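These notes concern the structure reproduced below.
Predicted, not measured: the structure shown is a model, and the values here were computed from it. Note that these values count all heavy atoms, side chains included, but never hydrogens, waters or copies made by symmetry.
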Amino acid sequence: MTANHDAYIAAAPEAFRPMLRQLRAGLSRALPDAEEVIMYGMPGFRIGDTIVAGYAAFSKQCGLYVDPGAIAAHADEIASLKLKTTKTGVTFSTSKPITPELVEKLAVSSRGAKGR
């Protein structure tokens, strides 16, 4: 179990670390008043008592987790990048990266959808 975002990124697969650093920076820009937390073993951004966005690294891909409304609102842009989605997440890899612009849009949309 990692104690903070730096430790989480350091423990992630080496190929994903630069992407995770960019992801963290983009989420920090989009959610400047959010607190960085680790919940359920994943780094997240919390405003009040609500997790607005989170991310994770796996063996072959990374994921950004936001409110389902944010995924729906940006479905066309996600599809244009050929990224896979779940109800609450977008997965990406070094061969199919997520753009910094999309990260920020998803974070802002998630915040709005969660009323924060």
With sequence neighbours excluded, give me every salt bridge (charged side-chain N to carboxylate O under 4.0 Å, His left out) pair touching residues 73-83. E77-K105
Can you list everything that forms a side chain to side chain donor-acceptor pair (under 3.5 Å) with S109? Sequence neighbours excluded, please. H74
Grab the two heavy atoms, one from Y8 and one from G41, that are nearest each other, plus how far apart they are. CE1-O, 3.4 Å
Considering only heavy atoms from C-beta outward, does the side chain of L106 approach that of I78 to under 4.5 Å? yes
Does K84 form a side chain to side chain contact (heavy atoms under 4.5 Å, CB included) with V90? I'd like the steps, not just the answer. CA-CA 6 Å; K84 292 182 182 176; V90 179; over 6 Å; no
Straight-line distance of T91 OG1 to I98 CD1, nearest 0.5 Å: 9.0 Å
I'd like to know whether L20 forms a side chain to side chain contact (heavy atoms under 4.5 Å, CB included) with C62, so could you lay out the CA-CA distance, the side-chain angles of the two residues, the decisive distance to 0.1 Å, and finally the verdict. CA-CA 8 Å; L20 293 173; C62 296; 3.9 Å; yes
Across all chains, not counting sequence neighbours, the side chain to side chain contact (heavy atoms under 4.5 Å, CB included) partners of D33 are I47, R111
With a 4.5 Å heavy-atom cut-off, do L27 and L64 have their side chains touching? yes
According to side-chain hydrogen bond (donor to acceptor under 3.5 Å, both in side chains), does anything in residues 9-19 pair up with another residue at least two apart or in another chain? List the pairs. none
State which residues pass side chain to side chain donor-acceptor pair (under 3.5 Å) with R24; sequence neighbours excluded, sorted by chain then number. D6, E36
Judged by atom type as modelled, is there a donor-acceptor pair below 3.5 Å linking the side chain of S110 to the main-chain atoms of V52? yes
Please tell me whether F16 and Y65 are part of a single hydrophobic cluster in this structure, the criterion being side-chain heavy atoms less than 4.5 Å apart. no
For residues 54-61, please give each side-chain donor-acceptor pair under 3.5 Å, one per line with the distance, not counting sequence neighbours.
from: Y55; atom 1: OH; to: H5; atom 2: ND1; distance (Å): 2.9

By side chain to side chain donor-acceptor pair (under 3.5 Å), S93 pairs with (sequence neighbours left out) S95
With sequence neighbours left out, write down each residue that passes side chain to side chain contact (heavy atoms under 4.5 Å, CB included) with P68, or none if nothing qualifies. K87, T88
Could you check F45 against I51 for side chain to side chain contact (heavy atoms under 4.5 Å, CB included), going step by step and ending with a plain yes or no? CA-CA 6 Å; F45 287 79; I51 301 294; over 6 Å; no
Which residues share a side chain to side chain donor-acceptor pair (under 3.5 Å) with T86, sequence neighbours left out: none
Could you name each residue pair satisfying salt bridge (charged side-chain N to carboxylate O under 4.0 Å, His left out) that touches residues 90-104, not counting sequence neighbours? R29-E104
Pairs involving residues 41-58, ordered by first then second residue, that meet salt bridge (charged side-chain N to carboxylate O under 4.0 Å, His left out) (sequence neighbours left out): E35-R46, D49-R116
